Amino acid sequence: MAALRCLHRPHISFKLARGFMGTILPGKSSLLNMYNFRSISKTGETLWKPRFISTRGSFKLVQTTYRILPTGAKMENKEIPSDFLRDKMMVPNSDPPGVGDIDRLHQFFDRSSKLVVLTGAGISTESGIPDYRSPHGAYSTGFRPITHQEFIRYSRARRRYWARSYAGWRRFNAAQPGPAHIALASLEKAGRIDFMMTQNVDRLHHRAGSNPLELHGTVYVVACTECGFSLPRSSFQDQVKSLNPKWAEAIESLDYDSRSDKSFGMKQRPDGDIEIDEKFWEEEFHIPTCEKCKGVLKPDVVFFGDNVPKGRADRAMKAAKECDAFLVLGSALMTMSAFRLIKAAHEGGAATAIVNIGATRADDFVPLKIQARLGEILPRLLSVGSLSLPVV
């Protein structure tokens with residue numbers, strides 16, 4: 001979980017508060033209000049943000065300083081530039097969220113006591129991981145992902161998948177949680193999210209300090225299709241390298257920048273895949289087998305054409321039916337496994353909302369739809385009214 005410590009909490013006079021409000025409220029907000037103001041302590045750089053606390057009709061401004069240490073993410077001392085998201089071509093274009101958008105989303109959170117959040121690829125594109133369906137997504141270039149049936153039936157399809165996945169793993173594994181992942185982990189810690197699930201397989205939520213239900217599994221685990229034995233992806237990578245030392249050395253020497261002459265046309269795809277020439281996997285590429293039964297090893301993910309395991313699907317549906325609010329973040333809801341959840345929540349009387357760039361499958365019945373980049377709206381939500389992180 002993310003470690004969150006309050007370092008000091010001095011009170012500020014009303015006069016200073018009024019002047020400070022005049023500074024932060026007008027004009028356009030930057031990407032991360034919570035990162036705008038910094039103070040230096042003996043322990044290094046710390047972050048602080050303003051909080052407004054209502055007290056029977058009056059208010060006071062309290063300075064609260066936090067050090068945020070998301071598990072696995074080395075972000076605490078990194079400056080986040082204002083154009084952080086716009087440098088990533090895979091993130092769809094969108095106007096910055098307005099005050100009205102933030103207020104509506106705040107009210108949605110504030111009115112719920114049992115909120116379920118479902119995240120999709122739109123939150124991970126902001127960390128440099130491509131998606132399928134956005135204007136810059138893989139489908140826009142004619143890419144077709146492997147299906148469950150292809151992987152199980154054809155050894156050639158498995159060689160192709162694992163060779164490309166091995167080649168793409170180093171870059172995929174280097175991705176770090178973005179501002180939206182960290183904001184959600186903070187809201188979870190504050191008790192504002194009752195249950196979280198994700199369609200993503202990248203475990204960026206875990207690195208930020210959350211532990212969501214992984215609806216479609218994760219590429220960080222490899223499992224046997226015969227006996228169910230599983231192993232960490234890092235161990236599988238080592239086995240591939242051991243079986244194909246010269247091949248692995250050649251792959252690791254390639255340049256991952258598709259504009260480089262040394263890239264051989266490699267292009268990053270969703271879910272850790274890298275598009276590489278067939279000569280790198282067609283012949284003399286060996287795939288590890290299950291150490292228990294010699295069965296076929298597969299990433300522990302739900303491929304296209306497969307079904308979400310029943311126990312996992314039932315748990316997600318139970319959460320959707322029992323919640324009083326259901327929020328979708330960064331998903332077009334085109335897969336039935338996701339669409340059926342928000343539909344069930346809506347039919348059960350829960351409030352529903354979507355924050356996504358572009359149309360979704362549920363637009364016809366969801367009353368609150370906000371077009372915004374998640375890394376630009378969720379962190380700003382942390383500073384609004386009752387959603388402010390508690391003073392500890």
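Not measured: the values here are computed from a predicted model.
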Count the heavy atoms belonging to other residues, nucleotides or ligands that lie under 6.0 Å from NZ of K241, then report whether that count exceeds 12.
-> no

Heavy-atom closest contact (A359 atom, A332 atom, distance) = O-CB, 3.9 Å

Intermediate values then yes/no, side chain to side chain contact (heavy atoms under 4.5 Å, CB included), V116 and L341 | CA-CA 10 Å; V116 169; L341 296 174; over 6 Å; no

Give a yes or no on whether the backbone of I182 and the side-chain of S186 come within a donor-acceptor separation of less than 3.5 Å.
-> yes

Report yes if some heavy atom in the side chain of I129 is under 4.5 Å from a heavy atom in the side chain of L204; otherwise report no.
-> yes

Decide whether I370 and L381 are clustered together by the hydrophobic rule: side chain heavy atoms of Ile, Leu, Val, Met, Phe, Trp, Tyr closer than 4.5 Å, transitively.
-> yes

Decide yes or no on salt bridge (Lys or Arg N to Asp or Glu O under 4.0 Å) for R203 and E214, but give the supporting numbers first.
-> CA-CA 9 Å; R203 293 224 158 148; E214 294 172 308; 2.9 Å; yes

Would you confirm whether D103, through its side chain, and V99, through its main-chain N or O, come within 3.5 Å as a donor-acceptor pair?
-> no

Output yes when a side-chain donor or acceptor of D300 lies under 3.5 Å from a complementary backbone atom of G217, and no otherwise.
-> no

Under a single-linkage definition using a 4.5 Å side-chain heavy-atom cutoff for Ile, Leu, Val, Met, Phe, Trp and Tyr, are F365 and M334 assigned to the same hydrophobic cluster?
-> no

Between R192 and F109, is NZ or CZ placed under 6.0 angstrom from the six-membered ring centre and within 45° of the ring axis?
-> no

For the atom pair OG1 (T198) and CG (L118), what is the distance rounded to the nearest 0.5 Å?
-> 7.0 Å

Would you check if the side chain of N200 reaches a backbone N or O of D202 as a donor-acceptor pair within less than 3.5 Å?
-> no

Would you give the length of the straight line joining atom OG1 of T119 to atom CG of N356, rounded to the nearest 0.5 angstrom?
-> 11.5 Å

Find out whether R361 and M336 are in side-chain contact, i.e. whether some heavy atom of one side chain is under 4.5 Å from a heavy atom of the other.
-> yes

Donor-acceptor pair, Q149 side chain versus G305 backbone, under 3.5 Å?
-> yes

Hey, mind stepping through N173 and Q237 against side chain to side chain contact (heavy atoms under 4.5 Å, CB included) and telling me if it holds?
-> CA-CA 12 Å; N173 190 43; Q237 291 288 112; over 6 Å; no

Is the side chain of E126 donor-acceptor paired with the backbone N or O of G375 at a distance under 3.5 Å, no angle test?
-> yes

Measuring from I357:CD1 to T125:OG1, what's the distance to the nearest 0.5 Å?
-> 7.0 Å

With side chain to side chain contact (heavy atoms under 4.5 Å, CB included) as the test, would you mind laying out the steps for I123 and L184 before giving the verdict?
-> CA-CA 11 Å; I123 196 171; L184 284 176; 3.8 Å; yes

Can you name the closest pair of heavy atoms from V355 and A372 and give their distance?
-> CG1-O, 3.9 Å

Hey, mind stepping through L333 and I354 against side chain to side chain contact (heavy atoms under 4.5 Å, CB included) and telling me if it holds?
-> CA-CA 10 Å; L333 300 169; I354 299 173; 4.1 Å; yes

Close side-chain approach of L382 to L187, heavy-atom, < 4.5 Å | yes

May I ask you to decide if V201's main-chain N or O and T218's side chain share a donor-acceptor pair within less than 3.5 Å?
-> yes

Is it the case that one hydrophobic cluster holds both Y161 and L243, taking links as side-chain heavy atoms less than 4.5 Å apart, direct or via other members?
-> no

Mutual orientation of the aromatic rings belonging to H205 and H181 [parallel < 30°, tilted 30-60°, perpendicular > 60°] = perpendicular

Say you draw a straight line from OG1 of T225 to CG of L297; how long is it, rounded to the nearest 0.5 Å?
-> 7.5 Å

Closest approach of K321 to A344 (non-hydrogen atoms, all atoms of both residues) = CG-CB, 4.3 Å

Going by distance alone, is a donor N or O of one side chain under 3.5 Å from an acceptor N or O of the other, for T360 and D363?
-> yes

Verify the neighbour count for atom CZ of F229: are there more than 12 heavy atoms of other residues, nucleotides or ligands below 6.0 Å?
-> yes

Should S331 and Q199 count as side-chain neighbours, where that means a heavy-atom distance under 4.5 Å?
-> yes

Could you go step by step and tell me if W169 and F172 meet the ring-ring contact (aromatic ring centres under 6.0 Å, His included) rule?
-> CA-CA 5 Å; W169 182 251; F172 183 85; 5.7 Å; yes

Distance (rounded to the nearest 0.5 Å) between H286 NE2 and N244 CG | 6.0 Å

Minimal heavy-atom distance between R340 and S337, with the atoms involved, is CG-O, 3.7 Å

Note, E226 side chain near C290 side chain (heavy atom, < 4.5 Å) | no

W162 and F236: CA distance, side-chain angles, deciding distance, ring-ring contact (aromatic ring centres under 6.0 Å, His included) verdict | CA-CA 10 Å; W162 280 124; F236 181 84; 4.2 Å; yes

Would you say V296 and I287 are hydrophobically clustered, going by side-chain heavy atoms of ILVMFWY under 4.5 Å?
-> yes

Are L378 and I193 connected, step by step, through hydrophobic side chains (Ile, Leu, Val, Met, Phe, Trp, Tyr) whose heavy atoms are closer than 4.5 Å?
-> yes

Decide yes or no for H346 and V366: does some side-chain heavy atom of the first lie under 4.5 Å from some side-chain heavy atom of the second?
-> no

Looking only at heavy atoms, which two atoms of A350 and C323 are closest? And how far apart?
-> CB-O, 3.6 Å

Are P212 and H206 close enough that some pair of their side-chain heavy atoms sits under 4.5 Å apart?
-> yes

So, for E150 and A157, which heavy atoms are closest and what is the spacing to 0.1 Å?
-> O-CB, 3.5 Å

Is there a donor in the side chain of R233 and an acceptor in the side chain of S165, or the other way round, less than 3.5 Å apart?
-> yes

Counting N and O atoms only, with roles assigned by atom type, does the side chain of S127 sit under 3.5 Å from a partner on the main chain of Q176, one being a donor and the other an acceptor?
-> yes

Does the R207 side chain pair with the main chain of A175, one donor and one acceptor, at a distance under 3.5 Å?
-> yes

Without swapping roles, check the side chain of D314 against the backbone of G311 for a donor-acceptor pair under 3.5 Å.
-> no

Atom pair CZ/CD1 of R104 and I102 - distance to nearest 0.5 Å | 10.0 Å

In terms of the angle between their ring planes, are F303 and F151 parallel, tilted or perpendicular, with boundaries placed at 30° and 60°?
-> tilted

Mark yes when over 12 heavy atoms from residues, nucleotides or ligands other than K343 sit less than 6.0 Å from its NZ; otherwise mark no.
-> no

